[in-house]
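Data first, discussion second: the structure below is written as structure tokens.
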Amino acid sequence: MTSVVSRSLAAVRLFGNRSVCLVFGEQIVAIATVAGKKRRVRRKSVQEEQIRWWEEEKRADGVKWSTLEHKGPVFAPPYERVPRNVRFYYDGKPLELSEETEEAATFYAKMLNHDYCTKEVFNNNFFKDFRKSMTSKEKEIIKDFRKCNFQEMFNFFQAESEKRKAATKEEKLVKKNENEALMKEYGFCMIDGHKEKIGNFRLEPPGLFRGRGEHPKMGMIKRRIHASDVSINCGKDSKVPPPPGGSRWKEVRHDNTVTWLASWIENVQGQVKYIMLNPSSKLKGEKDHIKYETARRLDKVIDKIRATYRDEWKSKEMRVRQRAVALYFIDKLALRAGNEKDEDQADTVGCCSLRVEHVQLHKELNGKENVVVFDFPGKDSIRYYNEVEVEKRVFKNLELFMEHKKDGDDLFDRLNTQVLNEHLKELMDGLTAKVFRTYNASKTLQSQLDLLTDPSATVPEKLLAYNRANRAVAILCNHQRSVPKGHEKSMENLKEKIKAKRDAIDDCEAEYHDFKKAAKRGSVKEKVNADKKGKQLERLKDQLKKLELQETDRDENKTIALGTSKLNYLDPRISVAWCKKNGVPIEKIFNKTQRTKFLWAVHMADEDYRF
DNA sequence: TCGGTGACTTAGAAGTCGACTC
DNA sequence: GAGTCGACTTCTAAGTCACCGA
């Protein structure tokens with residue numbers, strides 16, 4: 001079977017010197033002239049153009065584009081009141097709400113079955129903002145959150161959702177077509193003469209803020225965004241997108257040193273939010289490529305850097321020792337840099353912001369010496385727990401850093417991310433703390449693939465090897481997920497399937513031996529039957545093996561998220577090369593989105609590529 | 001030097017879709 | 001044809017890091 005890799009390569013060859021190739025949904029499509037004849041290579045769904053930027057000259061520093069034109073963002077649909085029979089109750093009695101108050105109530109009602117609604121902070125924050133949306137009359141009545149009843153509204157939205165699911169094929173098709181039309185109009189922009197996909201062309205709709213972990217602002221109301229909140233960025237000579245009916249944009253600017261198309265300030269945290277390009281775009285792809293090239297440059301100096309920081313564990317200066325130990329953790333454990341955070345954000349930490357209570361020192365633990373136990377909330381409040389055996393000198397240093405300190409004190413009191421990155425810049429141009437994560441992730445994938453791939457194995461076996469290598473990276477980077485709903489059930493189903501397959505094999509085997517015996521007695525018919533059974537048996541055994549591999553893979557993956565590392569940390573050229581070398585179709589490793597994002601890698605890497 | 005801000009990447013959860021099974 | 005379930009896609013929060021001005 002022709003893989004997408006070779007198909008896409010074929011498409012590119014057909015284009016000769018043109019610097020775009022067309023990607024139609026799943027397959028690469030080229031309509032090119034060969035010997036005067038129009039030749040068509042398979043097509044599917046929506047068309048996008050992808051620039052072969054990796055074959056073009058890089059632009060001078062700072063400037064991101066020359067021309068940029070787009071239609072502006074899509075606004076959230078206006079609020080539609082719930083039917084009159086769907087009521088909000090206060091203190092057991094139905095209460096008619098003004099439009100704004102009702103909308104706020106629906107934000108909460110829609111989340112009624114969510115864990116968030118059991119949290120005090122969430123409820124308090126919501127109620128405070130809910131009251132802000134009320135008329136003075138409503139404010140006088142609605143004073144106690146515990147007396148609010150959103151149940152009828154919740155039931156209404158549940159029923160609406162059921163209705164949507166139960167819609168007829170035709171109704172669903174109409175909806176799909178509407179969405180596609182919207183995407184066609186607003187989902188693309190023209191940048192430097194090329195049509196490129198926009199990543200998020202819709203403005204965030206109003207609702208309740210869902211901060212992760214123990215976020216002090218969870219439950220606050222995210223306001224509706226109007227044109228007057230939105231800044232537009234487009235080319236000087238381009239057509240400025242028209243703001244919706246009679247309104248005005250906050251600002252129209254023509255800044256070609258940035259990549260965003262529109263921005264606004266979100267009211268809960270006061271952060272700037274952006275409309276940006278899709279990962280398949282030239283701008284994002286180039287950046288991604290540079291990221292992996294920087295990580296590869298690190299490979300050339302890593303030995304020296306490691307030798308230096310080990311040496312610095314003995315430094316007379318506390319500042320230098322702390323920096324060296326922190327760098328060791330960033331390198332060995334792939335910890336994040338750990339910027340300082342404000343009081344009004346969830347309390348999470350990274351390497352530089354580790355506090356005394358996040359590490360425990362054990363001279364001996366479970367038969368290992370000099371063990372550091374890390375236990376802290378990391379990004380997204382995901383717990384990082386790791387028992388690590390460290391060099392004696394690191395251990396001694398940690399004891400020193402923790403001397404006379406109490407819980408709440410910084411472990412590295414002479415260090416922050418800025419200081420660390422300034423130091424890293426001196427070691428290598430473009431080096432920052434996060435480069436180590438990219439470097440160690442990609443390096444791990446490469447070495448694990450070398451270790452785990454058996455060239456003579458079947459494709460499913462090779463895939464298990466790939467997933468295990470990917471898993472090693474996900475574990476290193478602490479990419480976790482909650483156990484998927486119905487995991488137990490799906491494992492049970494798989495086990496049942498496996499059992500059924502084993503039974504079938506037993507039956508088939510018995511019949512096979514019977515036929516064989518009969519065939520030995522000289523019956524031609526029985527010999528044919530024996531051959532047939534033998535083939536069936538082989539097939540069944542293959543199927544069983546596939547199922548067993550699937551079982552192992554799924555269970556090992558229960559709490560580990562592979563996607564994050566694949567998308568952000570693993571040099572895609574490693575995977576492309578591995579596929580090419582091992583005869584594994586690329587679509588087994590990268591789904592459609594990943595293939596479009598990493599098209600550059602598909603073109604760049606041959607089977608000998610090494611990270 | 002420090003704090004604030006802006007731009008961009010990285011992250012898991014939620015929502016949607018479509019393949020498979022009965 | 002309906003229901004189920006996993007894969008894919010979208011959404012948006014939460015990081016990193018550079019830059020700027022006081």
Side-chain angles (χ1 to χ4, degrees), chain A residues 26 64 110-111 114-116 161 164-166 168-169 172 175-176 179 183 187 199-205 207 209-213 215 217-218 222 231 233 255 257-260 263 265-266 268-279 283-284 287-288 291 336-342 345-346 348-353 377-382 416-422 424-425 430-435 437-438 441 474 477-482 484-487 489-490 493-494 497 550 554 557 559-569 590-597:
Chain A
E26 187 160 22
K64 305 284 169 55
K110 281 177 183 166
M111 293 183 69
H114 201 289
D115 258 2
Y116 275 116
S161 158
R164 270 197 304 276
K165 275 184 218 156
T168 63
K169 244 185 187 172
K172 282 183 181 166
K175 193 93 194 289
K176 198 177 171 191
N179 270 333
M183 159 81 101
N200 56 326
F201 60 89
R202 289 169 212 268
L203 295 170
E204 292 173 15
F209 176 71
R210 304 178 176 206
R212 311 260 168 87
H215 200 295
K217 292 191 170 183
M218 64 167 85
K222 268 174 61 164
S231 298
N233 192 30
D255 184 354
T257 66
V258 295
T259 66
W260 55 267
S263 72
I265 293 173
E266 160 268 347
V268 174
Q269 309 210 79
Q271 289 170 340
V272 192
K273 297 260 186 162
Y274 303 94
I275 301 285
M276 285 192 183
L277 293 170
N278 186 268
L283 280 173
K284 297 282 185 193
K287 263 299 214 34
D288 217 29
K291 175 179 79 184
R336 294 187 184 84
N339 283 316
E340 281 155 60
K341 295 187 76 183
D342 292 341
Q345 293 172 296
T348 63
V349 297
C351 186
C352 294
S353 50
K379 181 176 178 181
D380 293 316
S381 295
I382 298 288
N416 61 39
T417 54
Q418 213 184 333
V419 168
L420 178 68
N421 281 335
E422 269 162 27
L424 293 176
K425 214 121 279 149
L431 186 61
T432 63
K434 87 185 185 96
V435 178
R437 239 166 114 77
T438 313
C477 295
N478 199 39
H479 292 143
Q480 298 187 31
R481 61 167 183 176
S482 41
K485 253 190 249 164
H487 174 79
K489 176 105 193 296
S490 92
N493 290 347
L494 247 181
K497 267 190 190 170
Q550 206 183 343
R554 194 175 292 174
N557 247 3
T559 57
I560 299 166
L562 298 187
T564 308
S565 49
K566 203 184 262 187
L567 226 48
N568 301 302
Y569 289 105
F590 290 151
N591 66 32
K592 192 179 84 186
T593 317
Q594 291 159 347
R595 288 200 298 278
T596 0
K597 173 171 175 174

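All heavy atoms count here, side chains included; hydrogens, waters and symmetry mates do not. Letters A, B, ... mirror the listed sequences (proteins, then strands); counts begin at 1.
Distances shorter than 4.0 Å separate none of the side-chain N or O atoms of A:S381 from OP1 or OP2 on C:dA14. At C:dT16, one or more side-chain N or O atoms of A:N339 fall inside 4.0 Å of OP1 or OP2 (strictly under the cut-off). Taking only side-chain nitrogens and oxygens, A:K222 comes nearer than 4.0 Å to OP1 or OP2 of C:dA13. Residue A:Q271 places no side-chain N or O under 4.0 Å from the OP1 or OP2 atom of C:dA14.
Contact annotation for A:R212: base contact, defined as any heavy-atom pair under 4.0 Å involving a base atom. Contact annotation for A:T259: backbone-only contact, meaning every heavy-atom pair under 4.0 Å involves sugar-phosphate atoms and none involves a base. Among the heavy atoms of the strands lying under 4.0 Å from A:K434 are primed sugar atoms or P, OP1, OP2 only; no base atom is included. Within 4.0 Å of A:P205, counting heavy atoms only, lie sugar-phosphate atoms of the nucleic acid but no base atom. Counting any heavy atom pair closer than 4.0 Å across all strands shown, A:Q345 reaches no nucleic acid atom. Nucleic acid contact for A:S263: none, since no nucleic acid atom lies under 4.0 Å from a heavy atom of the residue. No engagement by A:A346 is indicated, since no non-hydrogen atom pair under 4.0 Å with the nucleic acid exists. Within 4.0 Å of A:G270, counting heavy atoms only, lies no atom of the nucleic acid at all.
The side chain to side chain donor-acceptor pair (under 3.5 Å) check on A:N179 picks up nothing, with sequence neighbours excluded. Applying the ring-ring contact (aromatic ring centres under 6.0 Å, His included) test to A:F590 and every residue at least two apart in sequence or in another chain returns A:F598. With sequence neighbours left out, the salt bridge (Lys or Arg N to Asp or Glu O under 4.0 Å) criterion links A:K217 to A:D344. Taking A:R202 as the reference, nothing meets the salt bridge (Lys or Arg N to Asp or Glu O under 4.0 Å) condition, with sequence neighbours excluded. Checked against side chain to side chain donor-acceptor pair (under 3.5 Å), A:K287 has no partners two or more places apart in sequence or in another chain. A search for salt bridge (Lys or Arg N to Asp or Glu O under 4.0 Å) contacts involving A:K291 returns A:D288, not counting sequence neighbours. Remark: A:Y274 pairs with A:W260 by the ring-ring contact (aromatic ring centres under 6.0 Å, His included) rule, at least two apart or across chains. Applying the salt bridge (Lys or Arg N to Asp or Glu O under 4.0 Å) test to A:K222 and every residue at least two apart in sequence or in another chain returns A:E204.
A:C477 places none of its side-chain heavy atoms less than 4.5 Å from the side chain of A:T564. Side-chain atoms of A:K284 and A:K597, non-hydrogen and from C-beta on, never get closer than 4.5 Å to each other.
Under a cut-off of 6.0 angstrom, the local environment of NZ in A:K425 is crowded, with over 12 non-hydrogen atoms contributed by other residues, nucleotides or ligands. Atom CD of A:E340 has 12 or fewer neighbouring heavy atoms from other residues, nucleotides or ligands inside a 6.0 Å radius.
In this entry the distance linking OH of A:Y569 with P of C:dG15 reads 12 Å, nearest Å. Spacing between atom CD of A:E340 and atom P of C:dA14 amounts to 18 Å, rounded to whole angstrom units. Rounded to an integer number of Å, the gap from CZ of A:R336 to C1' of C:dC17 is 15 Å. When rounded to the nearest whole Å, the span between CD of A:Q269 and C1' of C:dA14 equals 8 Å. We find that OH of A:Y116 is positioned 11 Å from C1' of C:dT12, with the value rounded to whole Å.
DNA chain B is contacted by both A:Y274 and A:I382; A:Y274 maps to the nucleotide lying nearer its 5′ end (nearest heavy atom per residue). Nucleotides of DNA chain C nearest to A:D380 and A:L203 differ in position, and the one nearer the 5' end is that of A:L203. Residues A:R164 and A:L567 both approach DNA chain B. Their nearest nucleotides, taken by heavy-atom distance, put A:L567 toward the 5′ side.
Note that the two end axes of the helix from B:dT1-C:dA22 to B:dC22-C:dG1 enclose an angle of 10°, each drawn from 5 base pairs, rounded to 10 degrees.
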Could you go through A:T259 and A:M276, starting from their C-alpha distance and side-chain angles, then the distance that decides it, and tell me whether this counts as side-chain contact (heavy atoms from CB on, under 4.5 Å)?
CA-CA 7 Å; A:T259 66; A:M276 285 192 183; 4.2 Å; yes

Applying side-chain contact (heavy atoms from CB on, under 4.5 Å) to A:K379 and A:T348, what does each step give before you reach the verdict?
CA-CA 6 Å; A:K379 181 176 178 181; A:T348 63; over 6 Å; no

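There is no side-chain donor-acceptor pair under 3.5 Å between A:R210 and A:Y116.
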Every protein N/O within reach of nucleotides 8-10 of chain C N/O, cut-off under 3.5 Å:
unit_1 : atom_1 : unit_2 : atom_2 : d
C:dT9  : OP2    : A:T593 : OG1    : 2.1

Under 3.5 Å, which N/O atoms of the protein pair with N/O atoms of nucleotides 18-22 of chain C?
unit_1 : atom_1 : unit_2 : atom_2 : d
C:dA18 : OP1    : A:K425 : NZ     : 2.4

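Along DNA chain B, the stretch of nucleotides lying under 4.0 Å from any heavy atom of chain A spans, 5' to 3', B:dG6 to B:dG18.
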